[in-house]
Amino acid sequence: PDYYLKPGVQYNYVYDDDEYMIQEEEWDRDLLLDPAWEKQQRKTFTAWCNSHLRKAGTQIENIEEDFRNGLKLMLLLEVISGERLPKPDRGKMRFHKIANVNKALDYIASKGVKLVSIGAEEIVDGNVKMTLGMIWTIILRFAIQDISVEETSAKEGLLLWCQRKTAPYRNVNIQNFHTSWKDGLGLCALIHRHRPDLIDYSKLNKDDPIGNINLAMEIAEKHLDIPKMLDAEGERKIVFTNLCKAETAANRICKVLAVNQENERLMEEYERLASELLEWIRRTIPWLENRTPEKTMQAMQKKLEDFRDYRRKHKPPKVQEKCQLEINFNTLQTKLRISNRPAFMPSEGKMVSDIAGAWQRLEQAEKGYEEWLLNEIRRLERVEHLAEKFRQKASTHETWAYGKEQILLQKDYESASLTEVRALLRKHEAFESDLAAHQDRVEQIAAIAQELNELDYHDAVNVNDRCQKICDQWDRLGTLTQKRREALERTEKLLETIDQLHLEFAKRAAPFNNWMEGAMEDLQDMFIVHSIEEIQSLITAHEQFKATLPEADGERQSIMAIQNEVEKVIQSYNIRISSSNPYSTVTMDELRAKWDKVKQLVPIRDQSLQEELARQHANERLRRQFAAQANAIGPWIQNKMEEIARSSIQITGALEDQMNQLKQYEHNIINYKNNIDKLEGDHQLIQEALVFDNKHTNYTMEHIRVGWEVLLTTIARTINEVETQILTRDAKGITQEQMNEFRASFNHFDRVSSLFICWQRKNGLMDHEDFRACLISMGYDLGEAEFARIMTLVDPNGQGTVTFQSFIDFMTRETADTDTAEQVIASFRILASDKPYILAEELRRELPPDQAQYCIKRMPAYSGPGSVPGALDYTAFSSALYGESDL
C-alpha cells in the first residue's frame, strides 16, 4: 500500500488534507500530459486494478477500454470496499454504459471523495487522462484499507508489523509512532531486517539519535527509492522546540542546499543518460540501414539472428533507459516547480523531443530493415527448400540402396537348405516389390535436379553429379535383380529332390532309432526279482528279443542306403550344402554306434540273467531252512502261553502248588532259548541276502521275537501275581477257598486286550464297567454314590482300570477283620497311661528296640495341652500310618 502513496513524485513538504488534495490534483494532471509518464501510469494502475479483480476471477488488459461499460469498474469498487453496489445495466447501448459508470462515481462520492472534472461521458468515451485520474483518486481513498494484520485496523496492523520486524534487535521497543522512533534505531532495524548489507547495526550508538535517523533516511532514499520525507531534526522537533532560532535557520539553509544539490545531481544524470542514449542511436541506425544481401540462407539467418538479438537483448534496456530518462526529466521538473526553482533546460539536441525524434528515426530504420530481411529470406527460402528436398530424397534413396548391390551379388543360395532357399526367394520377391515402389522417388529426384538447374542453384554441379550416380545405380540394380531370381529358382528345384530323400530318411530312421534306444534301455535296465519264477520270465523275454535282431539289421541297411543316395546327388551337382538332414536329428554315425552298442549288450544281458537265476536258487534254500524252524518254534510258544493261561484260570489246589508248576514252566522256557538264537542266525543270513518274503511260513522273525518276549513277561508276571496272592492271603487271614473264589470272579470279567492276538491272555485289568458287573455278580447292591466311593479305593489315581491286587485288597477289606487307625491310637493310649502323648522311654520299655526306634524317629513332637519336654504325638503318627494325615 505504501507504493501507491507516492506515484513517482518526490517532495519534502507536509500539507494539510485539503492542501494535499489540491497539490496532488495539480501535479497529477501535469504529469499525465507527458506520454512516457502516461505509459508508466497505465502499466502501474492496470497492475493495481488486476491485483483486486483477480479475487473476483477476472482482470483487465486495456485500462481505458475495459472500464468503458462500467461493469468491471463497479466490480473493482465492490472488491476493494467489500460492499454491494446497485445492480448494473446489462445493455450495450451508450446510455447503459453511462448509467453504470455514474453508479460507480456516485458510490465514490458517497464515501466523501470529491471528484473534480471527472464525468461518466469521459470514461465511456475512453478518455485516458480522465480514466487514470479516476483510478488515482480511488487508490488515494481506498488503498489504505488493504493495510491489515490479523484483522486489526490499518494503524494497529502497521504498528504490529513494525513490532514483529524489530523484535530481535537490541535497544528497540516500538510501542507507538512517536517516542519509539526518536533514537533512530527502529528505522535502522527495519532497513537491516530487509537489507542487512546496507547497515552494520552492531556499530550504531543509541546515544546518537540524529546520526541514526539521518543514516536511515539517506540509505532509504539512495538504495530503497523511498523519498526523504523527514529528517532527523523534524523528527525530534517536539523535543527541541525551545532551541535557539539560529539553529533553526541553519537547518533551513542546509535543507535548501540539500534540495539544490539533489536537483543538480539529477540534471547531470539526465545529461549523461541522454548523451549515452543518443550516441547508441547514432551507432545503431547505419547498421539497420545496411541492405547488402547474402548469397546463402545460412548467412541471412545469421543476420536475422543478429537482428533478433538486437530486439531481445540490446534494445529493451535502451527502451527502459528512454522511459526512465523521461520519468527523471518529469520528476526533476516537478521537484524544481515544488521548490520554486526555475525549470530545467537540457543542452542543445538533448531535449525530450530530440530524443523522441531520434528514437522515431531508429524505429523507422528498424522497420525497414526487418521487412528487407524477411523478403530476402523468403527469396532464398524457395531455392533452399528445393535443395533440401533434393538432399533429403537423395539421402533417403542412397540409404535404402546402400549395400543392395552386394546383397544381389551374393551366392548364399549355393550353401543354403531348401527351406532357406525358399525363404531367400520370398525375400527376393519382397525386394522386387520394394524396388518397384522406389521408382517414383528416383523420378522425383531427377525432376527436382532439373528444376534446380533451371533456377540456377549455386551448387547445381554437385546436384547433377549426385543425380547421375543415383540413376546409374538404379539401372544396375534392375539387372542384378533379374539374374538373382533365375539362380534362386534353379537351386530350389535341385534342393527339392534332396529334400524328398531327407524326408524319407527321417520317417524310417526315427522309429528305428527309438527301437534301438528302447533296446539299449531294456538291456541295461536294472532288474529286481524275488523268486525263481520271476527270473525265468525275464530270461524268456530276452530270448524273444534276440530273435528279432536279423529283421532289425535289414531295416538298418535300408536306411543307410537312403543317406548314401543323398550324398551321391550332392556330389554329382557340386552343391555346397551340408548332408545333414533338416527333418531328423539322427545321423548315420549315431545309428552305427547304437547298433554296435546293442550287439555288445546282448551277451552281457545273458550273463546277468544267469547269475541272478543262481542267486534265486540259493535264496530259496534259505527260505525253506528258516521256515522249518519257525513253524516249530511258533506253535511251541503258543502252547506255552495257553498252559500258563490255564494255570491262572484253573483254580484247583493250593497257591504253593500253582507256584511250583509255574517255576517248572519258567525253567523249560529258559532252556528253549537256544532254538531262538539259532533262528536268529538263519534270519540274519536271509536279511544279508535281501530276502523279504517267505511263502513257506506265516511266522516272521518279528512275530517270534514278540511272542518270546510276551512269554517271558507273562511267566514272570504270573509268578509275581501268585506270590502276591500268597502274601495277601497270609496277611489278611483269607482262606484258600476265598482266594480261589476271588480269582474265579476276576478272571470271568477280565477282558482280552493284546496287540498280538496269537500270544493273547487275560491281561489282569478290568475297566470300571467290568468291575461294576463283577461286584453285582458277587451280591453287592450298588448305587452311584457307593460305587464312586469304592472306585476311590480301588482306582485312587483315576487310571480307568482295576488291577487284580486292588480287587483282592478291596475284597479282603470287606471280608476280613483288619486293624484301623483308631485301634492303633487306643493301643498307644494304653501304653501311655491315658496321656495324649507318649515318651521315648515308655516306647523303649514296651516295644522291641528296632520298632521303638522306628516310632521315635517318625513320631512328631506333641504340642497340645499338658505337653512336657520329649513328648511325642502318637495320634498324628497313627493317622499317618493309614493315610489319614499329611505326615
ask   = So R90 and L71, side chain to side chain contact (heavy atoms under 4.5 Å, CB included) or not? Walk me through it.
value = CA-CA 9 Å; R90 291 296 178 181; L71 296 177; 3.7 Å; yes

inquiry  = Please determine whether the number of non-hydrogen atoms from other residues, nucleotides or ligands lying under 6.0 Å from atom NZ of K389 exceeds 12.
reply    = no

message = Is it true that, when you exclude E305 itself, more than 12 heavy atoms of the residues, nucleotides or ligands shown sit nearer than 6.0 Å to its CD?
response = yes

Under the 3.5 angstrom rule, does the side chain of [X] hit a backbone N or O of [Y] as a donor-acceptor pair?
X    : Y    : result
N453 : A460 : no
R170 : S202 : yes
K72  : Q59  : yes
D354 : M351 : yes
Y270 : R265 : no
N100 : M74  : no
D66  : N62  : yes
R341 : L336 : no
S51  : W48  : yes
N102 : I98  : yes

[Y] and [X], any side-chain heavy atoms less than 4.5 Å apart:
X    : Y    : result
W280 : S275 : no
L266 : N328 : no
W287 : D306 : yes
T334 : I338 : yes
M134 : L73  : yes

ask   = For the side chain to side chain contact (heavy atoms under 4.5 Å, CB included) test, which of L204, D208, I210 pairs with L215?
value = L204

ask   = side chain to side chain contact (heavy atoms under 4.5 Å, CB included) with Y369: which of Q364, E289, R291?
value = R291

With [X] via side chain to side chain donor-acceptor pair (under 3.5 Å) - residues at least two apart:
X    : result
E279 : R282
E78  : none
T396 : none
E366 : Y310, R311, K315

message = I'd like to know if the side chain of E363 pairs up with that of W359 as donor and acceptor (distance under 3.5 Å, no hydrogens or angles considered).
response = yes

message = Distance alone, cut at 3.5 Å: any donor-acceptor contact between the side chains of N263 and N260?
response = no

Between [X] and [Y], does at least one N-O distance fall below 4.0 Å, as a salt bridge requires?
X    : Y    : result
K129 : E122 : no
E269 : R272 : yes
R391 : D459 : no

Calculate, to the nearest 0.5 Å, the distance between atoms [atom1] and [atom2] belonging to [X] and [Y] respectively.
X    : Y    : atom1 : atom2 : result
I118 : T131 : CD1   : OG1   : 9.0 Å
K393 : D440 : NZ    : CG    : 9.5 Å
K111 : I138 : NZ    : CD1   : 13.0 Å
I470 : I445 : CD1   : CD1   : 4.0 Å
R193 : K165 : CZ    : NZ    : 5.5 Å
L288 : R283 : CG    : CZ    : 12.5 Å

inquiry  = My understanding is that only residues two or more places apart in sequence, or in another chain, count here; which of them pass ring pair (Phe, Tyr, Trp, His ring centres under 6.0 Å) with H96?
reply    = none

key: Y169: partners by ring pair (Phe, Tyr, Trp, His ring centres under 6.0 Å), with sequence neighbours left out   = H192, Y201

ask   = Do R466 and E398 pass the salt bridge (charged side-chain N to carboxylate O under 4.0 Å, His left out) test, and can you show the C-alpha distance, the side-chain angles, and the key distance before you say yes or no?
value = CA-CA 10 Å; R466 191 173 185 182; E398 289 167 350; 2.9 Å; yes

key: Derivation of the side chain to side chain contact (heavy atoms under 4.5 Å, CB included) call for N212 and L187   = CA-CA 8 Å; N212 295 338; L187 294 174; over 6 Å; no

task = Mind running side chain to side chain contact (heavy atoms under 4.5 Å, CB included) on F344 and E271 for me, showing each step along the way?
result = CA-CA 11 Å; F344 169 59; E271 290 283 340; 3.8 Å; yes

